[in-house]
Amino acid sequence: MDNISLARLLDETASLLEIDGADIFRIRSYRRAAEAVEQQTTQLATLATPEADPKALLAIAGIGKAMAANIRDLVATGSMPLREELLQKYRPTMLELLRLPGMGPKTVALVWSALQVSNIDELEAAAKAGHLAALPRMGEKFTVKLLKGIEDHRKNSSRFRIDQARDYAEKISQLILAFPGIDQVTPAGSLRRGRETVGDLDLLATGPACEPDVVASAVEHVATLPLIDKLMARGQNKVTFTLRNNLQVDVRLLPRSSYGAALQYFTGSKHHNVALRQRAIKRGMTLSEYALLRLEDNKIIASESEEAIYNALDLDFIPPELRENCGELEAAANHTLPQLITLADLHGDVHMHTSETDGTYTIREMAEAAILRGRRYIAITDHSKNLAMTNGMNDERALAHAARVRQVNQEMEGRIHIFTGIECDILGEGEMDLTDETLAQLDIVIASVHSKFDQPIEVMTARVLRAIENPYVRILAHPTGRKLLRRDPYKIDLEQIFRRASELGVAVEHNAAPARTDLSDSHMRLAKSLGCKIVVNTDAHATDELDHMQHGIVQLRRAWLTSADVINTAPTPEDFLASLRPRP
DNA sequence: GCCGTTTTCGGCCCGACTGTTTTCAGTCG
């Protein structure tokens, strides 16, 4: 059992304890243990064997005697006594109910005890039949919101976030590559195109073992991979299976000679491919997953590489992120494809947290980690006081923290520049929750919208418009409230906000965290068309989250952005500061 | 359930908003 699975089981146990009404601190300790397990770099299964040093598990902060025993049970048997006991009392499907808006542990427990409702279908039926109205605090408004939430949940739950899909793709690729004679495995499909979520995983494998006459044994290898839950189909050169989490995986084993054509074909998108094939026909050729052929004599024009195929159709190579049939073919024909922004273009990351509020590491640790990742400047932007659960700072603490940031910045001796800053909460009327006197002393003031203020569109829009009027605000964070696969974003008039932000010179932030890419590619195109400054930040709460920049860049590329469109490509801290809204 | 210490138990992230209440419980960040 790997760390991710261990963490998931511990976290689920915490949720079951919540439904059971257990002690809040006991629940929290299970959640903390799950987090700690997930963050470990060594596989705990190796530390949880009878032969291993029993102290090894206890050395992890958040794991004590009881939790270590739980982990040993999980590794040995796949479950543990407490979990089994709770599953006798409740149903595992009730965990899914917790993901619906407005459904917390108390409400889940209530519908179970009152109506024996234990899954989404039953809850929906009960809501539609009006059975919920009989229960306390569940009137008409609640029911309407719930049914909407169920609908949204169904729309999303069959898709997976791209970073999770990428992790699985990586894991499966390694297992496939273990077979002698397979020397390359490439993800195709929407994963390669950089969509935010993927429905299934397409993996293309090639190498000597994938030649038609010998491919059977390689197919056998793939069809018997240990992480397969259900084998769905198995053909001559194709294997389809699902994982335990229901993610469907298609693996195709292809000869080297047609690998480029296959990669092109399976990367899509469908619309891009249709347009590309039409172009081939106009030129007396035909394009398939095997090759680009000349029609008159079936001669292979190109098949080994994508570049060769595009070039043979008089096109520049089109990056996978642009293959949506949104003008990329015309641009490729006219040699006007943009030089898309790359990770190497990003020199700064100006939104991150430290242990002063809800981050895990110190100012210095974040700075050192940023240096390792090639950043030239960062900003420490911890939370303001209104976000109480994060231990948000009041004016006094914000200023003291900024003084420490300046101190550490001095000590870095130019290896990196650290800006002072704050992620400042927007209150109910759109005012900042710290004073202007405080904000005036900070380099980077980020105004942060929170989805807990889920208000009608006019109210949300007015609130944010008022917030960015504050002359010290330089960046607007979470403009859409999007949380991928979790909650509906709040309703807000982005066009109005972007237009005003553009006039004021306030930059809009694209959050690079894979769970929360605030701006989609189409949002970003809108921002660009209105002349907005765009900044991409990780919002890191731990050093490893600084790596999220590589997720964030993908949506920028899909929006056709170049380094000129994004302000944290500025090469020096001075240039970056100059690109921001001037302070009064 | 973990941690730290005051070695045996008390502290552990808090405040605002919502729907429904008519004084608050539950959810959320």
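Sequence lines set the chain letters: A, B, ... in the order given, protein chains first and strands last, and positions in each chain run from 1.
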Q: Under 4.0 Å from any atom of DNA chain B, heavy atoms only: list the residues of residues 395-404 of chain A that qualify, in numerical order.
A: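 Of all residues in residues 395-404 of chain A, none places a heavy atom under 4.0 Å from DNA chain B.
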Q: Whole angstrom is fine here: how far is it from CG in Leu110(A) over to C1' in dC24(B)?
A: 15 Å
Q: Counting side-chain heavy atoms from C-beta on, which of dC13(B), dG26(B), dA16(B) comes nearest to Arg137(A)?
A: dG26(B)
Q: Please give me every residue in residues 8-24 of chain A whose heavy atoms get under 4.0 Å of an atom in DNA chain B, ordered by residue number.
A: Asp23(A)
Q: Out of Arg525(A), Gln555(A), His510(A), which one pairs with Leu519(A) under the side chain to side chain contact (heavy atoms under 4.5 Å, CB included) rule?
A: His510(A)
Q: Which part of the nucleic acid does Lys65(A) contact within heavy-atom distance under 4.0 Å: base, sugar-phosphate only, or nothing?
A: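 Sugar-phosphate, backbone atoms only, no base.
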Q: With the side chain of Lys106(A) defined as its heavy atoms from C-beta on, choose the nearest nucleotide among dG26(B), dG29(B), dC2(B).
A: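 For the Lys106(A) side chain, the nearest candidate turns out to be dG26(B).
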Q: For a quick check of understanding: with a heavy-atom distance under 4.0 Å over all strands, which category does Ile63(A) fall into, base, sugar-phosphate or nothing?
A: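 Sugar-phosphate contact only.
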Q: What's the CG-P distance between Leu97(A) and dG26(B), to the nearest Å?
A: 17 Å
Q: Nearest-nucleotide wise, let me know which of Phe25(A) and Phe142(A) is further upstream toward the 5' end of DNA chain B.
A: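 In this pair, the answer is Phe25(A).
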Q: When you compare dC2(B) with dC13(B), how far apart are their C1' atoms, in angstrom units rounded to a whole number?
A: 16 Å
Q: Between Glu124(A) and Ile120(A) (side chain of the first, backbone of the second, donor and acceptor by atom type, cut-off under 3.5 Å), is there such a pair?
A: no
Q: I'd like to know if the side chain of His541(A) reaches the main chain of Asp539(A), judged simply by a donor and an acceptor atom lying under 3.5 Å from each other, with no hydrogens or angles considered.
A: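 Flag set: sc His541(A) to bb Asp539(A) pair under 3.5 Å.
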Q: Whole Å only: how far is the CG atom of Leu387(A) from the C1' atom of dA16(B)?
A: 10 Å
Q: At under 4.0 Å, does any side-chain N or O of Thr107(A) touch on OP1 or OP2 of dT27(B)?
A: yes
Q: Mind telling me whether Tyr377(A) and Phe419(A) have parallel, tilted or perpendicular rings, with 30° and 60° as the class edges?
A: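 Aromatic pair Phe419(A)/Tyr377(A) classed perpendicular.
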Q: Write down the distance between CG (Asn394(A)) and P (dG15(B)), rounded to a whole number of angstrom.
A: 12 Å
Q: Taking only the P atom of each, what is the distance from dT23(B) to dG29(B) in whole angstrom?
A: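 To the nearest whole Å, 29 Å.
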Q: When the distance from CG of Leu135(A) to P of dT27(B) is rounded to whole Å, what number comes out?
A: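 From Leu135(A) CG to dT27(B) P: 13 Å.
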Q: Choosing from dC14(B), dC2(B), dT20(B), which nucleotide comes nearest the side chain of Lys141(A)?
A: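 Given the options dC14(B), dC2(B), dT20(B), the side chain of Lys141(A) is closest to dT20(B).
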Q: Do Arg373(A) and Asp547(A) come within less than 4.5 Å of each other through their side chains, counting heavy atoms only?
A: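 Side-chain contact under 4.5 Å: yes.
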Q: If you check the Ala388(A) side chain, which of dG15(B), dG1(B), dT20(B) turns out closest?
A: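 When the side chain of Ala388(A) is considered, dG15(B) is the closest of dG15(B), dG1(B), dT20(B).
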Q: Does Met67(A) reach a base, just sugar-phosphate, or nothing at all? Heavy atoms under 4.0 Å.
A: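 Touches sugar-phosphate only.
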Q: Between Arg482(A) and Asp518(A), is there a donor-acceptor pair closer than 3.5 Å when you use the side chain of the first and the backbone of the second?
A: yes
Q: Within the 4.0 Å heavy-atom criterion, would you say Pro105(A) contacts the bases, only the backbone, or no part of the nucleic acid?
A: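 Sugar-phosphate, no base atom in range.
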Q: Report the distance from atom CZ of Arg482(A) to atom P of dG29(B), rounded to the nearest whole Å.
A: 16 Å
Q: Does Pro514(A) reach the side chain of His548(A), with side-chain heavy atoms less than 4.5 Å apart?
A: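 The answer is yes; the side chains approach within 4.5 Å.
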Q: Within less than 4.0 Å of OP1 or OP2 of dG1(B), is there a side-chain N or O belonging to Arg26(A)?
A: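 Answer yes for this pair, as a side-chain N or O of Arg26(A) is under 4.0 Å from OP1 or OP2.
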Q: Please give the distance between the C1' atoms of dT18(B) and dC12(B) as a whole number of Å.
A: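 Their C1' atoms lie roughly 27 Å apart.
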Q: Is there side-chain contact between Arg159(A) and Glu196(A), with heavy atoms separated by less than 4.5 Å?
A: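 No, every pair of side-chain atoms sits at 4.5 Å or beyond.
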Q: If we take the P atom in both dC17(B) and dT22(B), what is their distance in whole Å?
A: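 So the two P atoms sit 22 Å from each other.
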Q: Say we look at dC14(B) and dT20(B): how far apart would their C1' atoms be, to the nearest angstrom?
A: 23 Å
Q: Rounded to whole angstroms, how far apart are CD1 on Ile426(A) and C1' on dA16(B)?
A: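 Rounded to the whole Å, the gap is 16 Å.
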Q: Answer with base, sugar-phosphate or nothing: what part of the nucleic acid does Ala61(A) contact at a heavy-atom distance below 4.0 Å?
A: sugar-phosphate
Q: Would you kindly give the CG-to-P distance between Leu146(A) and dC28(B), to the nearest whole Å?
A: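 Atom CG in Leu146(A) sits about 11 Å away from atom P in dC28(B).
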Q: Take atom C1' in dG10(B) and the same atom in dG15(B), then report the distance between them in whole Å.
A: 24 Å
Q: Is there a Watson-Crick or G-U wobble partner for dC24(B) with both distances under 3.5 Å, and if so, which one is it?
A: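 In the structure as shown, dC24(B) has dG19(B) as its Watson-Crick or wobble partner.
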Q: Side-chain N or O of Arg28(A) less than 4.0 angstrom from OP1 or OP2 on dC2(B)?
A: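 Indeed not, no polar side-chain atom of Arg28(A) lies that close.
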Q: Mind checking whether Met1(A) and Gln43(A) have side chains closer than 4.5 Å, heavy atoms only?
A: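 No. Closest side-chain heavy atoms not under 4.5 Å.
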Q: Within the side chain of Glu365(A), is there an N or O that forms a donor-acceptor pair under 3.5 Å with the backbone of Thr362(A)?
A: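 At least one qualifying donor-acceptor pair exists.
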Q: Tell me if a side-chain donor or acceptor on Glu545(A) pairs with a main-chain N or O of Ala513(A) at a distance below 3.5 Å.
A: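 Looks like no, no N/O pair under 3.5 Å.
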Q: Check residues 21-29 of chain A and write down every donor-acceptor pair under 3.5 Å in which the side-chain atom is one partner and the other belongs to a residue at least two apart or another chain.
A:
{"residue": "Asp23(A)", "atom": "OD2", "partner": "Arg26(A)", "partner atom": "N", "Å": "3.4"}
{"residue": "Ser29(A)", "atom": "OG", "partner": "Arg26(A)", "partner atom": "O", "Å": "2.7"}

Q: Using the P atoms only, state how far dG11(B) lies from dT6(B), rounded to an integer number of Å.
A: 15 Å
